[in-house]
Structure formats: C-alpha cells, structure tokens
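Below is one structure, written out as structure tokens; comments come after it.
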2 protein chains.
Amino acid sequence: MKRESIIRAFEEFLKGRGLKLTSQRRRIFERAFATHEHFSAEALVGWLQAEAGPRASRATVYRTLGLLVDGKFLSALDAEKGELVYEHVLGHTHHDHMLCLECGKIEEFHDERIEELQLAACRKKGFELVSHDLRLRGYCRGCARKRSLSSSARDR
Amino acid sequence: MKRESIIRAFEEFLKGRGLKLTSQRRRIFERAFATHEHFSAEALVGWLQAEAGPRASRATVYRTLGLLVDGKFLSALDAEKGELVYEHVLGHTHHDHMLCLECGKIEEFHDERIEELQLAACRKKGFELVSHDLRLRGYCRGCARKRSLSSSARDR
DNA sequence: CTAAGTGCAAACATTTTGCAATCCA
DNA sequence: TGGATTGCAAAATGTTTGCACTTAG
C-alpha cells in the first residue's frame, strides 16, 4: 500500500469517528510508517524529538498509537522486554513471532496449518476466536551458534 | 503429585541453591498449591492476610513466586488483565490458553500437532526453541451464546 | 555465628489521565 | 464557534529493590 493511500485511509478513519487530523497525528503516523522495524512508543518519542517537524508530546504519541491500533493500522506486540512494540498491519499479512532471548531480535513466521488447528481447537470448545498470538521464545540462528560454540569451549 | 512429595521437591530445590525454607516460603508455597485455579500475586497476598498462619509481606510473596517460577513449580501467564497469573506446573502437562474477552475465563487446550508444526517452523529458521506460548483471544461458549442472543435481539 | 530472608516504604517503568490552554473543521 | 486535541505534570499500577533487622541452619 502506497504512502498516499495509507494516509488517506487514516484520514477516513478519523473522519468516521468524528476526530481531527492534527499536525501531531499526521507526523506520528508518518514516522511510524517510515520505519519497517518493530518500534516502541519511547523510540518513536525519541525520533520525533530528534528529527525536525511539528513537536508531539509523549502523551500524544501514546494516545495516537492507541488510535492506530484501534484502527488496525498498527498492532502492538508484547516482546517481553517491559514495553510494547508496534508493527504495521496495513499491507502486511498475519504472522506469528519468534523472540530471541539473547539479542532481542523478532522474527516472523506463518504456518496456515497452525491457524487451522487453532480454529479446530476453538470449535471443539465452543470458543469464538477473535485473535490469537503465538510467541516462540529461544535463540535465533546467529545466537544459537555462538552459544553452542562457547559451551563446547567451556566443556573442553 | 502428592502434597508431601511436592513440598519435599521444594525443599530440595532450595537446598540445591543454598536457600532456606522459612515459614513464609512454606506458607506461600502451600497456599499456592491449595488453589487449582489461576491466581494473581495480589490474590495470594489477600488470602494470606485473610487466613490464619505466619504472615508474609507483599514483597516476600512476589519474591517467592519468582522463585517458584524459576524452579518450575509454577508458571506465569500474562492473561492481558494488567497482572500476571500463576498456574501449577508440577503434575500438569503443557497446554496453551484461550482467554475469554468477556468474562475473563481462562481455558486450557493442547494439540500436539501444533507443537510439531512450531518445531518445524523453528528448524526452518534455524531458531533454537526454548519455550512458547499461544494465546487465543475470543469468547467462551457461554459468553458467545449471550452475545449472539443480544445482537439478534438488537437487530430485530 | 552468619549468610540468607523479611518487612517496610520508597523506587521503578511504562502508560494513562485531569485539566487549562489551543486548535481544527 | 465549540468540541476535539494538546502538553504538562501528576497519577496509576504491578512489581522490584535498598536497607536495617531477624532468622534458619
């Protein structure tokens, strides 16, 4: 989805809820979509302070992030580091996450068969599924290699 | 696993780490295993205050819960209600959770095929899996029924 | 004895909120 | 114009921590 149309989608969303498009909201929105990594609210606050443009307070950043999550522009993920991180939803397909316990890297993966088995489990329990999240905790390829090297050195 | 042997396991665990079995730890441990529901740290603090026995401060409760999680006696679950809830590990097999958005009920389920697909996904990415958690958010059977009744009444 | 544990209150860290001033539509 | 929005600082919240005193082993 192109920058222009995605901003328009945000305007529509605001209009639909009787909300206004302020310079702060526009800037927060654009900065959030200029990153293609996961980012925290504090990181975003920092970027906005460091870079030129209409200033936006921490409170407004938090409020706007909430709005963007409500509008399904972003989704919040608890990567277990004491703060939520955000990722784009618009223009991205659903996926789950692998969290590296060593370096903190977040990898994404998707397996349709897992999704189907989840639905089957819900059907069996009469549970009406709204959303889910699956987080795999462990060591990414790079960190796993380093760990196995240093443990074999230790054992020698 | 019987009460007696599980307490012994706790003693062993403490001894192995050079820690002491105090009256507070014993009481917290026993109270935690006397419940077969998920419970929060605050709930446990409340029970200990309300019921007779050696008193234990909030700080000690939190510290001991941490210990019990380290020792794999309990596991902590973020049920997205602003506080962690704990459940027994000893004597229970691994399972995942369904969280009811309406009543807060936590249901458990397990599907070995999902576990296998997770492992397969990790192999593919070179990710060394340590643990995982899968949370399905939605409406439990009872709440789903109520919701569909009231929405059809509204539409009429 | 003495390392470990406890209680207390203060500290923490992230996020939320009340309110007066300001700004869009 | 008037409801929506903002910034600020204070509040909220669940959990952790420093420290002086106590206790298990």
Side-chain angles (χ1 to χ4, degrees), chain A residues 7-8 10-32 38-49 53-71 74-86 104, chain B residues 7-8 10-32 38-49 53-71 74-86 104:
Chain A
I7 289 220
R8 206 146 319 124
F10 184 41
E11 288 189 67
E12 285 311 308
F13 168 74
L14 292 174
K15 194 171 300 175
R17 315 229 310 197
L19 304 178
K20 297 170 179 173
L21 179 59
T22 61
S23 59
Q24 289 84 350
R25 284 181 180 159
R26 165 165 247 126
R27 180 154 189 237
I28 291 166
F29 181 87
E30 298 209 313
R31 192 58 185 81
H38 295 84
F39 62 92
S40 66
E42 285 305 314
L44 183 47
V45 168
W47 297 333
L48 295 178
Q49 278 170 358
R55 68 183 300 286
S57 68
R58 167 170 283 100
T60 296
V61 170
Y62 276 95
R63 283 188 280 233
T64 304
L65 284 172
L67 221 42
L68 293 175
V69 169
D70 278 2
L74 296 178
S75 73
L77 165 69
D78 178 3
E80 307 189 334
K81 317 198 35 145
E83 59 183 5
L84 296 177
V85 295
Y86 296 85
Chain B
I7 287 221
R8 207 149 316 125
F10 185 41
E11 287 188 67
E12 285 311 307
F13 168 74
L14 292 173
K15 196 171 298 174
R17 316 230 306 198
L19 304 177
K20 298 169 180 175
L21 179 58
T22 61
S23 59
Q24 288 84 350
R25 285 182 180 159
R26 165 165 246 125
R27 181 155 189 237
I28 290 166
F29 181 88
E30 299 210 312
R31 192 58 185 83
H38 295 83
F39 62 92
S40 66
E42 286 304 317
L44 182 47
V45 167
W47 296 334
L48 295 177
Q49 279 170 357
R55 68 183 299 285
S57 69
R58 165 171 284 103
T60 296
V61 169
Y62 275 96
R63 284 189 278 234
T64 303
L65 285 172
L67 222 43
L68 292 175
V69 170
D70 279 1
L74 296 179
S75 73
L77 166 69
D78 177 2
E80 308 188 333
K81 315 196 36 140
E83 62 184 3
L84 297 176
V85 295
Y86 296 86

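What you see below is based on every heavy atom in this structure, not just the backbone, and it leaves out hydrogens, waters and symmetry mates. Lettering follows sequence order; numbering is per chain, from 1.
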Mind listing the side-chain donor-acceptor pairs of residues 12-26 of chain B below 3.5 Å, one per line with the distance, residues two or more places apart or on another chain?
{"from": "T22(B)", "atom 1": "OG1", "to": "R25(B)", "atom 2": "N", "distance (Å)": "3.1"}
{"from": "R25(B)", "atom 1": "NH1", "to": "K20(B)", "atom 2": "O", "distance (Å)": "2.7"}

Atom-pair distance (CZ on R27(A); C1' on dT6(D)), nearest Å: 15 Å
Taking distance alone, no hydrogens or angles, what donor-acceptor pairs closer than 3.5 Å link side-chain atoms of residues 59-69 of chain A to residues at least two apart or in another chain?
{"from": "T60(A)", "atom 1": "OG1", "to": "S57(A)", "atom 2": "OG", "distance (Å)": "3.2"}
{"from": "Y62(A)", "atom 1": "OH", "to": "E42(A)", "atom 2": "OE2", "distance (Å)": "3.1"}
{"from": "T64(A)", "atom 1": "OG1", "to": "T60(A)", "atom 2": "O", "distance (Å)": "2.8"}

Separation between CH2 of W47(A) and CG of L44(A), rounded to the nearest 0.5 Å: 6.5 Å
Sugar-phosphate only, base, or nothing, as touched by G18(B) at under 4.0 Å among non-hydrogen atoms: sugar-phosphate
Angle by which the axis turns from one end of the helix from dC1(C)-dG25(D) to dA25(C)-dT1(D) to the other, five pairs per end, to 10 degrees: 30°
Protein-nucleotide distance (L48(B), atom CG; dT6(C), atom P), rounded to Å: 13 Å
Partners meeting side-chain hydrogen bond (donor to acceptor under 3.5 Å, both in side chains) with R55(A) (sequence neighbours left out): none
Atom-pair distance (CZ on R58(A); C1' on dA10(D)), nearest Å: 14 Å
Interatomic distance where CD belongs to E11(A) and C1' belongs to dA25(C) [whole Å]: 13 Å
OP1 or OP2 of dT16(C) under 4.0 Å from side-chain N/O of Y62(A): no
Taking only N/O atoms, report every protein-nucleotides 8-10 of chain C pair under 3.5 Å with atom names and distance.
{"from": "dC8(C)", "atom 1": "OP2", "to": "R55(B)", "atom 2": "NH2", "distance (Å)": "3.1"}

Under 4.0 angstrom between R25(B) side-chain N/O and dG5(C) OP1 or OP2: yes
Within residues 76-85 of chain A: residues closer than 4.0 Å to DNA chain C (heavy atoms): G82(A), E83(A), L84(A)
Rounded interatomic separation in angstrom, taking CZ from R26(B) and C1' from dT6(C): 18 Å
Test side-chain contact (heavy atoms from CB on, under 4.5 Å) applied to R27(A) - qualifying residues, sequence neighbours left out: L48(A), E51(A), P54(A)
Spacing of E12(A) atom CD relative to dA25(C) atom P, expressed in whole Å: 13 Å
Interatomic distance where CG belongs to L14(B) and C1' belongs to dA3(C) [whole Å]: 15 Å
Heavy-atom protein contacts under 4.0 Å, nucleotides 20-25 of chain D, coded B base, S sugar-phosphate only, - none: ----BS
Distance in angstrom units between Y86(A) OH and dT14(C) P, rounded: 12 Å
Would you tabulate the side-chain donor-acceptor contacts of residues 74-86 of chain B under 3.5 Å, counting partners in other chains and residues two or more places apart, or write 'none'?
{"from": "D78(B)", "atom 1": "OD1", "to": "E80(B)", "atom 2": "N", "distance (Å)": "2.7"}
{"from": "E80(B)", "atom 1": "OE1", "to": "R137(B)", "atom 2": "NE", "distance (Å)": "2.8"}
{"from": "E80(B)", "atom 1": "OE2", "to": "R137(B)", "atom 2": "NE", "distance (Å)": "3.4"}

